[in-house]
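Below: one structure, written as structure tokens.
Throughout, residue positions are numbered sequentially from 1 according to the sequence presented. Atoms within a ligand are numbered from 1 in the order they appear, just like the ligands themselves. All values below were derived from every heavy atom in this structure, side-chain atoms included, with hydrogens, water molecules and symmetry-related copies excluded.
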Amino acid sequence: MRLSRAFLPTLKETPAEAQIASHRLMLRAGMVRQTSAGIYVWLPLGWRVLQKVEQIVREEQDATGAQEILMPTIQPADLWKQSGRHDAYGPEMLRLKDRHEREMLYGPTNEEMVTDIFRSYAKSYRDLPRNLYHIQWKFRDEIRPRFGVMRGREFLMKDAYSFDLDYAGARRSYQRMFVAYLRTFARMGLKAIPMQADTGPIGGDLSHEFLILAETGESQVYLHRDLLAFDVLSQTVDYDGDLSPIVDFWTSRYAATDEKHDAAAWAAIPAADQVSARGIEIGHIFYFGTKYSAPMGLQVSGPDGKMVTPEMGSYGIGVSRLVGAIIEANHDEQGIRWPEPVAPFRLAVLNLKPGDAGADALAERLYAAFDPDAVYDDREDRAGVKFADADLMGYPWQAIIGPRGAAAGRVELKRRATGERAELSLEDAIARIRGG
Ligand code: P5A
């Protein structure tokens with residue numbers, strides 16, 4: 001993308017309403033713009049990141065055998081009356097009426113709808129186990145939307161729903177999602193820690209929140225230091241095999257949010273291994289048995305012909321929140337430092353003198369080698385503006401090309417994460433960027 005033709009509306013001033021770094025940086029870099037309290041438009045740069053995050057989530061869900069669908073945002077209130085949650089959900093739910101006075105709502109979550117879909121088709125034990133997920137906008141009329149996309153009213157969630165014949169099956173489904181979540185967040189460069197959690201309005205008696213540590217997090221968390229040292233991606237995972245060893249590793253060491261904190265268990269951990277910090281919740285998984293299947297009359301015939309009520313779980317990831325969380329974990333004074341897998345573009349080519357034949361030719365060649373995963377700063381701006389914008393927007397690589405270097409066939413390559421710089425030939429620069 002050529003910046004001279006791009007819609008990248010950066011802000012010069014730090015917006016006064018933004019209290020945390022990720023919110024400030026997302027506004028300054030022109031990633032999002034608020035249209036109502038807690039509701040945002042995703043501008044080109046932000047939209048690219050959101051799609052990259054979404055795609056990693058999708059790949060890791062698919063790897064578990066879960067299948068993607070797309071349920072609507074608007075739901076009939078009747079389904080929620082069947083489960084008993086219509087009144088219980090309270091003022092966080094946006095309730096609507098259509099022209100025929102039928103009660104509708106903008107979905108804050110989809111347990112009821114997916115149970116309705118599944119009960120329409122699943123007839124026998126052979127139709128189980130299944131896991132259906134979608135990545136769809138949700139609405140929760142949060143009393144205090146804040147921190148930008150971190151706590152929005154409209155937000156993008158990945159929500160998966162598992163159906164199993166019995167408790168043992170439901171546990172396996174839960175473990176699959178548990179492991180997939182570890183992998184998903186690790187691929188984005190995040191160290192997410194699963195912690196025992198309360199189940200709130202989703203319900204059930206087994207639940208883990210996945211949190212990353214960040215000073216601006218809304219939760220207070222307590223954990224054993226060893227959990228931060230573990231490299232999740234070094235393990236290969238067989239989703240049809242026994243996942244208990246992986247899950248047991250994580251659940252046998254202490255990690256809890258404030259609500260579940262156990263002072264006695266905590267005191268038993270040597271002080272040098274205790275980490276108490278703030279955390280951001282980026283995912284939440286639940287096992288709730290027959291909480292929805294029973295009242296909604298979902299039943300299948302079992303192997304012995306008797307009717308069985310399937311056991312369910314649901315598994316959420318805050319996809320739009322993740323964009324903010326990734327920035328909280330990866331920024332400095334100058335701006336964002338995107339981990340490569342979620343960067344809006346891998347490379348920014350900064351032409352310090354557009355119009356200079358040598359600089360133009362070299363910049364065009366480098367840009368062509370990485371297009372469409374590169375931006376080309378071909379604007380008639382001062383070098384300082386280009387450096388500042390590239391640092392702000394946080395592309396992992398910057399290639400700086402001026403007339404003098406170009407005459408010698410040299411590119412100055414800068415790595416955003418470390419600030420390292422090297423003078424390279426075009427070929428070496430391309431190889432270095434490709435190498436990661
Ligand atoms: C699990 C999937 C559920 O809704 N039902 C379907 C279950 N869980 S949850 O914990 O309430 O939400 C899942 C994840 O969504 C993100 N999230 C939010 N992101 C931005 N703004 C919000 N207001 C918001 N509320 C929830 C969180 O990442 C949460 O873990």
Side-chain angles (χ1 to χ4, degrees), residues 20 22-23 26 32 34 36-40 42 50 53-54 57 61 66 69 71 73 75 80 83 85 88-94 106-115 131-163 173-174 177-178 180-181 184-185 188 190 192-204 206-212 214 217-219 221 257 259 279-288 291-292 312-326 328:
I20 62 171
S22 60
H23 189 195
M26 287 181 79
V32 292
Q34 183 172 294
S36 314
I39 304 181
Y40 290 84
W42 290 77
L50 189 64
V53 168
E54 184 180 323
V57 170
Q61 290 292 293
I69 59 174
M71 291 180 267
T73 54
Q75 306 183 18
W80 288 64
S83 74
R85 271 209 298 186
Y89 215 92
E92 265 197 17
M93 190 148 76
L94 182 63
Y106 194 121
T109 178
N110 285 63
E111 279 82 3
E112 285 79 359
M113 181 168 275
V114 78
T115 303
N131 186 320
L132 300 175
Y133 79 94
H134 74 163
I135 301 174
Q136 175 63 294
W137 294 92
K138 305 288 187 289
F139 193 93
R140 293 182 185 174
D141 206 348
E142 299 274 352
I143 191 155
R144 251 168 57 117
R146 58 182 189 151
F147 299 160
V149 300
M150 214 70 107
R151 180 167 296 282
R153 292 198 296 166
E154 189 185 53
F155 60 97
L156 190 60
M157 191 201 287
K158 183 287 299 179
D159 35 329
Y161 303 88
S162 63
F163 300 88
S173 293
Y174 188 89
M177 286 292 127
F178 189 106
Y181 275 35
T184 301
F185 301 131
M188 299 171 192
L190 296 173
I193 312 292
M195 305 193 187
Q196 280 182 40
D198 272 339
T199 56
I202 307 294
L206 173 61
S207 166
H208 286 89
E209 276 180 23
F210 288 72
L211 296 103
I212 60 158
E218 292 188 290
S219 320
V221 300
T257 60
E259 301 131 21
I280 301 172
E281 178 201 327
I282 50 180
H284 200 161
I285 61 176
F286 303 81
Y287 159 76
F288 44 68
K291 177 176 159 133
Y292 301 92
M312 293 176 58
S314 73
Y315 315 90
I317 290 182
V319 177
S320 48
R321 175 179 289 184
L322 267 171
V323 177
I326 292 167
E328 283 302 318

Handout entry: Centroid-centroid distance, F210 to Y181, less than 6.0 Å
Key = yes
Fill in the blank from the handout: Quick note on ligand 1: atoms under 4.0 Å from a heavy atom of D159 include exactly 2 (C), 6 (C)
Problem - Proximal atoms of ligand 1 relative to I282 (non-hydrogen, under 4.0 Å) - result: 28 (O), 30 (O)
Problem - E111 N/O under 3.5 Å from ligand 1 N/O - result: yes
Exercise for the section: Using distance alone, decide if ligand 1 has a nitrogen or oxygen within less than 3.5 Å of any nitrogen or oxygen in T109. Expected result: yes
Note, [X] side chain near [Y] side chain (heavy atom, < 4.5 Å):
X: L190; Y: L322; answer: yes
X: N131; Y: M177; answer: yes
X: D141; Y: M93; answer: no

How far is [atom] from its nearest protein heavy atom, and which residue and atom is that?
atom: atom 9 (S) of ligand 1; answer: R140 NH1, 3.9 Å
atom: atom 21 (N) of ligand 1; answer: G152 N, 3.1 Å
atom: atom 20 (C) of ligand 1; answer: M150 O, 3.3 Å
atom: atom 16 (C) of ligand 1; answer: G318 CA, 3.6 Å
atom: atom 25 (N) of ligand 1; answer: F155 CZ, 3.5 Å
atom: atom 3 (C) of ligand 1; answer: I202 CD1, 3.6 Å
atom: atom 27 (C) of ligand 1; answer: R321 NH1, 3.6 Å

Measure the distances from the heavy atoms of [X] to every atom of ligand 1 and state whether one is below 4.0 angstrom.
X: R153; result: no
X: K138; result: no
X: Y161; result: yes
X: S320; result: no

Could you tell me the separation between the [atom1] atom of [X] and the [atom2] atom of [Y], rounded to the nearest 0.5 Å?
X: Y292; Y: R85; atom1: OH; atom2: CZ; result: 3.0 Å
X: E281; Y: I212; atom1: CD; atom2: CD1; result: 11.5 Å
X: I282; Y: E328; atom1: CD1; atom2: CD; result: 12.5 Å

Practice task
Indicate yes or no for a side-chain donor-acceptor contact from S320 to the backbone of L156 under 3.5 Å, with no hydrogens or angles considered.
Solution key: yes
Exercise for the section: Check whether any side-chain N or O of E209 sits under 3.5 Å from a backbone N or O of A197 as a donor-acceptor pair, and report yes or no. Expected result: no
Fill in the blank from the handout: Checking heavy-atom distances from atom 8 (N) of ligand 1 to each of Y315, F288, F286, the winner is F286
Problem - H284, M157, K158, E281: member with heavy atom nearest to atom 29 (C) of ligand 1 - result: E281
Exercise for the section: Tell me yes or no: between the side chains of S162 and Y315, is some donor less than 3.5 Å from an acceptor? Expected result: yes
Fill in the blank from the handout: Paired with P108, the side-chain contact (heavy atoms from CB on, under 4.5 Å) test is passed by just one of F139, Y89, F155, namely Y89
